Amino acid sequence: MNLISNESLQPFDFILFGGTGDLSIRKLIPSLYFRHCEQQLPEDGRIIGVGRTDYDSDGFRNMLNESVREHIEEADFDEGSWQAFLQRVHYCAVDVSDVGSYKPLIEILAGREEEVRVFYLSVAPSLFTAITNGVHEAGLITEKSRVTLEKPLGRDQESAEAINNSLSAVFKEEQIYRIDHYLGKETVQNLLALRFGNALFEPLWRSERISDVQITIAESLGVEGRGGFYDQTGALRDMVQNHLLQLLVIIAMEPPVSIDPDAVRDEKIKVLRALKPLRGIDAVENSVRGQYKAGAYGDGPVPGYLEGEDVPDDSNTETFVALRAEIGSWRWEGVPFFLRTGKRMESKTTEIVINFRKVPHSIFDTADGMSTPNQLIIRLQPEESIRMRIYVKAWGDDIQLQPVYLNLDFNDVFQKRKMIAYERLLLDVIRGNPTLFMRRDEVAAAWAWIDPIRQAWEQFQYPAKGYTAGTWGPSAANALISRDGLRWNED
Ligand code: BG6
C-alpha cells in the first residue's frame with residue numbers, strides 16, 4: 001500500500017502561523033523534529049514560525065528549547081539532533097491582519113519561489129481569511145504553495161462555505177489541505193489495510209453479517225484551559241462533525257478503485273451523503289447530550305464543566321454526545337451505528353466495535369448464553385490493537401463454550417516508536433499527497449448532516465444531562481442503545 005511514499009522530500013519552507021501556540025509546541029514541532037531524526041527532511045528544509053510575539057529567530061529557538069522538550073519522551077530525545085533541528089528554525093513577527101507587516105516574511109522567502117511552500121494555519125478560524133488574503137496580497141503564493149488548515153472549519157455549513165470561498169479565491173482546491181488529525185493515526189490507516197488488503201472481511205462487512213457498529217472516542221481530560229473556545233463549540237462540532245464521522249466513513253465506505261487521493265475521497269463522500277438525516281424530533285430521540293459534573297479519578301477530585309475557566313454558570317454546552325445513526329445503502333440498511341464521545345469519561349479510550357450477528361440456532365451450552373456475539377474491536381487509544389472475540393470450547397470433559405480474544409497488539413508486532421498522527425500528515429503536505437485530508441465537498445457533506453441535529457436541539461431546547469466526571473457519560477446514553485437490545489462495549 002502506498003499511502004505514504006518514502007521518496008525524499010524536495011527542499012521546502014514550512015511557514016507555521018501560530019508558531020508559538022500550544023499545538024505547535026505539543027505536536028507540530030515535535031513531529032517535524034522526529035522526521036528530522038529519521039533523516040526525512042532535506043537539508044534545505046526550513047521551518048519558519050510566524051506569530052505576533054516579537055521574537056527574533058534566536059529568541060524563538062530559545063522558547064522552543066524550553067517548551068518543546070517536555071512533550072518528547074526522554075528516550076526519544078537526542079540533544080545533538082535537536083540542536084541540529086533548531087538550525088532549520090526561523091521566526092518572523094507578523095501581525096496577520098496588517099498587510100504591511102508581512103515584510104519580514106517576504107524577505108525571508110525571497111528567491112525561494114521554486115521551493116515547496118507550506119502555509120500552515122495553526123490559528124483560530126477567525127484568522128484564516130486574514131492570513132490567506134495577507135499572503136496573497138504580499139505576493140507569497142507560488143505554484144508550489146500549499147495551505148493547511150486546522151479544524152474547526154467553520155461552525156456550520158454556511159460558515160464553512162464562507163471560509164472555503166475565501167480560500168478558493170486565492171488557492172486552487174488541490175493546494176488546500178484540511179487536516180483531521182485522526183486520519184494520521186496508524187490504526188485509522190490500518191483500517192483501510194484491514195478492509196482492503198485482506199479478502200477475509202469483505203464478505204462479512206454488510207448488514208447480513210453485522211448487527212451494529214459502535215464508535216467511541218472517550219477522553220479523560222476535561223476542557224482544560226479552552227473553556228472560552230469550547231463553550232462556543234461543544235462536542236458535536238468539536239468531535240462528531242470531524243473525527244467521529246471520519247471513523248464512521250472509513251468503516252462504511254466501499255472499496256475504492258485505487259489508493260489515489262480522489263478515488264478514496266470519492267468513496268468517503270458517498271457514505272456521508274448516504275447518512276440518513278436526523279431532523280426535528282427524530283434528532284432528539286436519536287441523540288443524547290451530556291455535560292460533566294464534578295467527580296474523581298484515582299488521583300483525586302476534578303471540578304465540573306461549569307466550574308471551568310471562562311465557562312458561563314448557566315452553560316448548556318455539551319461535553320458528551322451519543323448518536324444513533326443509519327446509512328441508507330444496500331450494504332448497511334438496518335445496521336445502527338452508535339457514536340459517542342465525551343470529555344472526562346472513565347478513561348481515554350478510542351475504539352470501534354463491530355458486532356456480528358449471532359448464530360441463527362445455537363446447539364451449545366454457554367455460561368453467558370452466547371449473549372455477546374463475535375466482535376471485532378479496533379482500538380486506537382490508549383494502545384493500538386485489533387481484537388477478535390470468538391467462542392471456543394473450554395478445556396474439560398463437557399462441551400462448554402466460552403468467549404476468548406484473538407489479540408493483535410501493534411506495539412508487540414512492530415516494537416518501535418509510534419508516530420504522532422501529525423508526523424505523517426505534515427510530510428504528506430510537503431510531498432503533496434492529499435489522500436488523508438478532507439476535500440471541500442466532504443466538509444460540506446459532514447456539516448449538512450450535523451447542522452439539523454444542532455438545530456433540533458435548539459428548537460426543542462434539549463438539555464445537556466449531567467454525568468459525573470470519571471464515568472461513561474449520562475445514563476440516557478445506555479437507554480439510547482438499549483432500545484435496540486444492545487449495550488455499549490465497556491470491557
Ligand atoms: C481535537 C479536539 O480535535 O481532538 C479536542 O479539538 C480533543 O477537544 C482532541 O481533545 C482529541 O485528540 P486525540 O488525538 O487526543 O484523541
Side-chain angles (χ1 to χ4, degrees), residues 18 21-28 30-31 34 71 73 120-126 128 148-155 160 177-191 215-248 250 289-292 302 305 308-311 315 317-321 339-352 378-385 410 418-426 436-438 442-443 446-447 450 464 469 473:
D22 186 55
L23 186 72
S24 298
I25 289 166
R26 282 189 304 111
K27 300 283 184 193
L28 305 178
S31 296
F34 284 131
H71 301 290
E73 297 275 335
Y120 195 105
L121 276 45
S122 176
V123 296
S126 55
F128 288 169
T148 311
L149 295 100
E150 275 293 333
K151 63 164 266 290
L153 211 82
R155 301 179 47 71
Y177 287 69
R178 301 174 188 85
I179 279 214
D180 182 318
H181 77 274
Y182 265 61
L183 295 180
K185 291 188 190 271
E186 288 283 9
T187 309
V188 175
Q189 290 151 54
N190 240 317
L191 257 171
I215 309 179
T216 296
I217 307 182
E219 297 185 81
S220 49
L221 289 178
V223 299
E224 310 308 302
R226 297 197 305 158
F229 157 79
Y230 195 88
D231 202 62
Q232 298 298 312
T233 307
L236 187 70
R237 289 188 178 107
D238 188 43
M239 300 294 286
V240 184
Q241 189 269 347
N242 33 75
H243 307 325
L244 263 172
L245 283 187
Q246 286 294 322
L247 296 183
L248 175 145
I250 289 180
R289 306 179 69 228
Q291 189 185 77
Y292 64 83
V302 292
Y305 175 71
E309 218 178 296
D310 300 327
V311 176
S315 170
T317 298
E318 78 285 352
T319 61
F320 173 97
V321 182
L339 314 180
R340 104 185 136 151
T341 182
K343 301 247 178 233
R344 283 276 185 243
M345 292 180 66
E346 192 183 280
S347 61
K348 182 165 174 76
T349 306
T350 302
E351 67 175 22
I352 299 163
I378 300 147
R379 244 190 195 206
L380 283 72
Q381 288 168 149
E383 79 286 350
E384 307 222 15
S385 65
F410 288 111
K418 187 169 83 181
M419 280 168 79
I420 306 175
Y422 281 97
E423 285 178 58
R424 157 142 316 154
L425 297 175
L426 299 190
L436 298 175
F437 296 80
M438 286 179 296
E442 259 185 273
V443 176
W447 280 122
I450 290 289

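We count ligands from 1, going down the list as the structure has it; atoms in each ligand are counted the same way. Fair warning: this is a prediction, and the values are worked out from it, not measured in the lab.
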Residue pair Val302 / Ala469: nearest heavy atoms and the distance that separates them: CG2-CB, 3.6 Å
Reported CD1-to-NZ distance for the pair Ile217 and Lys348, which is rounded to 0.5 angstrom: 9.0 Å
Atom indices of ligand 1, in the order listed, that fall short of 4.0 Å to a heavy atom of Lys185: 13 (P), 14 (O), 16 (O)
Contacts of type side-chain hydrogen bond (donor to acceptor under 3.5 Å, both in side chains), residue Tyr182, not counting sequence neighbours: none
His243, Glu219, Lys348, Lys343: member with heavy atom nearest to atom 3 (O) of ligand 1: His243
Ligand 1-proximal atoms of Tyr230, by part, heavy-atom distance under 4.0 Å: neither
By side-chain hydrogen bond (donor to acceptor under 3.5 Å, both in side chains) - contacts of Asp231 (at least two apart): Tyr305, Ser315, Thr317
Modelled atom types, side-chain donor and acceptor of Lys185 and Gln381, under 3.5 Å: yes
Nearest protein heavy atom with distance in Å, relative to atom 12 (O) of ligand 1: His181 NE2, 3.2 Å
Atom indices of ligand 1, in the order listed, that fall short of 4.0 Å to a heavy atom of Gln381: 13 (P), 14 (O), 16 (O)
Under 3.5 Å: donor-acceptor pair, side chain of Glu318, backbone of Gln291: no
Salt-bridge contact Lys27-Asp22 (side-chain N to carboxylate O under 4.0 Å): no
Atom 5 (C) of ligand 1 - nearest protein heavy atom and its distance: Arg226 NH2, 3.1 Å
Numbering as shown, the atoms of ligand 1 that approach Lys151 to under 4.0 Å (heavy-atom distance): 1 (C), 2 (C), 3 (O), 6 (O)
Min heavy-atom dist Asp238 to ligand 1 below 4.0 Å: yes
Heavy atom of the protein closest to atom 16 (O) of ligand 1 (residue, atom name, distance): Tyr182 OH, 2.5 Å
